[in-house]
Number of protein chains: 2
Amino acid sequence: MDNQDIRKAGLKVTHPRIKILELLENSSQRHVSAEDVYKMLLDNGEEIGLATVYRVLTQFETAGLVTRHNFEGGHAVFELDRGGHHDHMVCVVCGKVEEFIDPTIEKRQREIAKSHGFEMVDHSLIIYGHCSNPKCSVG
Amino acid sequence: MDNQDIRKAGLKVTHPRIKILELLENSSQRHVSAEDVYKMLLDNGEEIGLATVYRVLTQFETAGLVTRHNFEGGHAVFELDRGGHHDHMVCVVCGKVEEFIDPTIEKRQREIAKSHGFEMVDHSLIIYGHCSNPKCSVG
DNA sequence: AATGATGATGAGAATCTTTTTCATTACAAG
DNA sequence: CTTGTAATGAAAAAGATTCTCATCATCATT
């Protein structure tokens, strides 16, 4: 992931784009909202407008560099595409997100789509539950 | 599904709640946004405020009468819970939604959650693709 | 059937997320 | 280095949802 990825996407290599891509690569949180990105950039002394953050994230999504997720909560979160596709498991108490991939499910999805006359282009699987943290488990 | 369901949820049986529940039962669209509900009620001559529609849908969700889905598009859609759980397949071109249920996937999900130390309470699986309508297919 | 406590409603304001507008600035090809 | 075009920032706008608060309806009790 470097500036060539931006160029290959047909986008000019600008300061905001470079910084946003860097941030997505280095962030400890894998799933960040546009607001998160904006604030983290501010913390790093980068004065990049929120509108630009939204624009760039959307462009990165179109270019296949990041994936947008519509989890619960009324706002989208973005995640850098590090090659492999995966699904998500979200703790409904603490919000912790774990990633997983299961070949059985991947395979069944394609079969099911086909049997309904759909050609699958993407999918989203989110398991909601209580994570292993004692604070999050049910009584 | 009748007024007793509203009462059982600990809610008063009011005119807006009755009409919203009726509408969800009789609507030809299974997945409707709050705005959709508001407009359909207006078409039926029911002057129910948009804020009330949001409040009631949220209460119905809490009561387990309806399910809220965060598909793409920046707004939530609601669906009457007709007993059985199911997953969704959404056409990325025309927006058509089909429902399905697959025991293999259901079973694997529980196993995967458990293997990550999660106790699954819910899940959301959405397959995006091109539906069989010629206008929606690729190529 | 009347009463009264409490919950529910409607209208609009407020909030939050995201997109658009537009004047200014920066990239990148020649 | 010039210049066309794309990109940016700021603010406004748009869209979705929630909140506030005065008024009204429901329901358990008279």
Side-chain angles (χ1 to χ4, degrees), chain A residues 2-23 31-42 44-63 65-79 95, chain B residues 2-23 31-42 44-63 65-79 95:
Chain A
D2 65 352
N3 299 348
Q4 291 311 312
D5 291 299
I6 298 173
R7 210 180 302 271
K8 274 188 270 178
L11 301 168
K12 287 187 179 174
V13 179
T14 63
H15 183 74
R17 288 182 182 141
I18 294 168
K19 291 301 170 189
I20 291 172
L21 190 53
E22 276 181 16
L23 189 147
H31 303 85
V32 291
S33 67
E35 189 78 24
D36 291 337
V37 170
Y38 173 69
K39 286 186 180 151
M40 291 163 111
L41 287 169
L42 271 187
N44 294 358
E46 301 290 343
E47 305 251 339
I48 295 173
L50 182 56
T52 298
V53 173
Y54 273 103
R55 268 188 299 241
V56 170
L57 287 173
T58 302
Q59 291 156 347
F60 283 2
E61 184 197 12
T62 303
L65 295 176
V66 307
T67 302
R68 180 195 304 255
H69 298 288
N70 296 297
F71 293 166
E72 294 168 317
H75 62 271
V77 296
F78 298 83
E79 170 183 28
Chain B
D2 64 354
N3 299 348
Q4 291 311 312
D5 292 297
I6 298 174
R7 209 180 304 271
K8 273 188 270 179
L11 301 168
K12 287 186 180 175
V13 179
T14 63
H15 183 74
R17 288 181 182 141
I18 295 168
K19 290 301 169 188
I20 291 172
L21 190 52
E22 275 181 15
L23 189 147
H31 303 86
V32 291
S33 67
E35 190 78 25
D36 290 337
V37 170
Y38 174 68
K39 285 185 181 153
M40 292 164 110
L41 286 169
L42 271 187
N44 294 357
E46 301 290 342
E47 305 252 339
I48 295 173
L50 183 55
T52 298
V53 172
Y54 274 103
R55 267 187 300 240
V56 170
L57 287 173
T58 301
Q59 291 158 346
F60 282 2
E61 183 196 12
T62 303
L65 295 176
V66 308
T67 302
R68 180 194 304 252
H69 298 288
N70 297 297
F71 293 165
E72 294 169 317
H75 61 271
V77 296
F78 298 83
E79 170 184 27

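Please read these numbers as outputs of a predicted model, since none were measured by experiment. Just so it is clear: chains get the letters A, B, ... in the order the sequence lines come, proteins before strands, and each one is counted from 1.
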Less than 3.5 Å apart, any donor N or O on the side chain of R17(B) or T52(B) sitting next to an acceptor on the other? no

Per-nucleotide protein contact string for nucleotides 1-14 of chain C, where B marks a base within reach and S marks sugar-phosphate only (heavy atoms under 4.0 Å, - for neither): -----BSSBBBB--

Closest approach of I20(A) and L41(A), non-hydrogen atoms and distance? CG1-CD1, 3.8 Å

On a heavy-atom basis, which atom in I6(B) and which in K12(B) lie closest, and how many Å separate them? CG2-O, 3.6 Å

Rounded to whole Å, please give me the gap between OH in Y54(A) and P in dA11(D). 17 Å

A76(B) and N70(B): which non-hydrogen atoms are nearest, and at how many Å? CB-OD1, 4.1 Å

5′-ward residue of the pair V13(B)/E35(B) relative to DNA chain D: E35(B)

What contact category does R68(B) fall into here, base, sugar-phosphate, or nothing, at under 4.0 angstrom with non-hydrogen atoms? nothing

Atom pair distance, as rounded to whole Å: CG in N70(A) and C1' in dA16(D): 13 Å

Might you point out which heavy atoms bring L11(A) and Q59(A) nearest each other, and give the distance in Å? CD1-CB, 3.9 Å

Between dT17(C) (C1') and E72(A) (CD): distance, integer Å: 17 Å

In whole angstrom, give the distance that lies between atom CG of L41(A) and atom P of dG9(D). 10 Å

Side-chain H-bond candidate by donor/acceptor type, H75(A) with E35(A), under 3.5 Å: no

Within this structure, what is the CG-to-C1' distance between L42(A) and dA10(D), rounded to whole angstrom? 14 Å

Axis deviation across the helix from dA1(C)-dT30(D) to dG30(C)-dC1(D), five-pair ends, to the nearest 10°: 30°

Roughly how many Å is it from OH in Y38(A) to P in dT18(C), rounded to a whole number? 15 Å

Nearest 0.5 angstrom please: N3(B) CG to I18(B) CD1, how far? 4.5 Å

Whole-Å distance between dG15(D) C1' and H75(A) NE2? 17 Å

Quick one: does H15(A)'s side chain get under 4.5 Å of E46(A)'s, heavy atoms only? yes

Figure out the CG/C1' separation between D36(A) and dC16(C), and round it to whole Å. 14 Å

Smallest separation among heavy atoms of L50(A) and A34(A), with atom names: CD1-O, 4.1 Å

